[in-house]
Amino acid sequence: MTDDSRQDDSQQPQQSAGLIEDTSAPFYTIGQVAELLGMQPAALRRLDEQEIVSPERSEGGQRRYSQDEVQRLREVLELTEEGVTLPGVRKVLELRQQVDELKEEVAELKGQ
DNA sequence: TTTCTCACA
DNA sequence: TGTGAGCA
């Protein structure tokens with residue numbers, strides 16, 4: 001080992017009192033997410049281009065990923081690792097949302 | 001230093 | 001999909 005100078009990342013979202021669960025509030029940089037998911041920053045940009053994830057943009061035009069996006073990214077990775085193409089992943093996510101909405105409708109109808 | 005976009009293999 | 005150039 002040459003140097004063990006570890007840099008402490010103070011950019012990580014912390015749950016101070018454990019009351020605030022801002023899954024869409026804490027933002028990660030593309031580098032953080034890439035390391036977190038073990039993928040290349042370029043891959044994250046492709047996902048953004050394909051509108052599979054839509055990270056916010058900071059003033060400098062830099063992508064900011066929330067914990068929600070990271071979670072979505074995990075699901076996306078699962079699919080791509082199974083051989084699903086990006087357009088396919090997009091469709092899956094779209095269908096998932098529809099299923100979710102339909103479930104709500106069903107629940108409502110049952111309650112009547 | 002990190003991230004950005006664009007471009008090429 | 002991965003990598004590099006040039007910029008902010």
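Predicted, not measured: the structure shown is a model, and the values here were computed from it. All chains are named by letter (A, B, ...) in the order of the sequence lines, taking the proteins before the strands, and each is independently numbered beginning at 1.
- For Lys91(A) and Glu94(A), the salt-bridge test passes: some basic side-chain N is under 4.0 Å from an acidic carboxylate O.
- Mapping Gln62(A) and Thr80(A) onto DNA chain C via the closest heavy atom, the residue that lands nearer the 5' end is Thr80(A).
- Residue contacts shown for Leu86(A) are limited to sugar-phosphate atoms, with no base heavy atom under 4.0 Å away.
- Atoms CD (Gln50(A)) and C1' (dT1(C)) sit 12 Å apart, rounded to a whole Å.
- Rounded to an integer number of Å, the gap from CG of Leu47(A) to P of dT1(C) is 8 Å.
- At whole-Å resolution of the value, CD in Glu59(A) and P in dT2(B) are 21 Å apart.
- Residue contacts for Arg64(A): at a heavy-atom cut-off of 4.0 Å it reaches no nucleic acid atom on any strand shown.
- In DNA chain C, runs of at least 3 stacked Watson-Crick or G-U pairs (N1-N3 plus N6-O4 or O6-N4, or N1-O2 plus O6-N3, all under 3.5 Å) give these stems: B:4-9 with C:1-6.
- Atoms OH (Tyr65(A)) and C1' (dT2(B)) sit 14 Å apart, rounded to a whole Å.
- In this structure, Leu44(A) atom CG and dT5(B) atom C1' are separated by 15 Å, rounded to whole Å.
- At least one side-chain nitrogen or oxygen of Gln40(A) sits closer than 4.0 Å to the OP1 or OP2 atom of dT3(C).
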Can you name the atoms? Protein N/O to nucleotides 6-9 of chain B N/O, anything below 3.5 Å, with the distance.
none

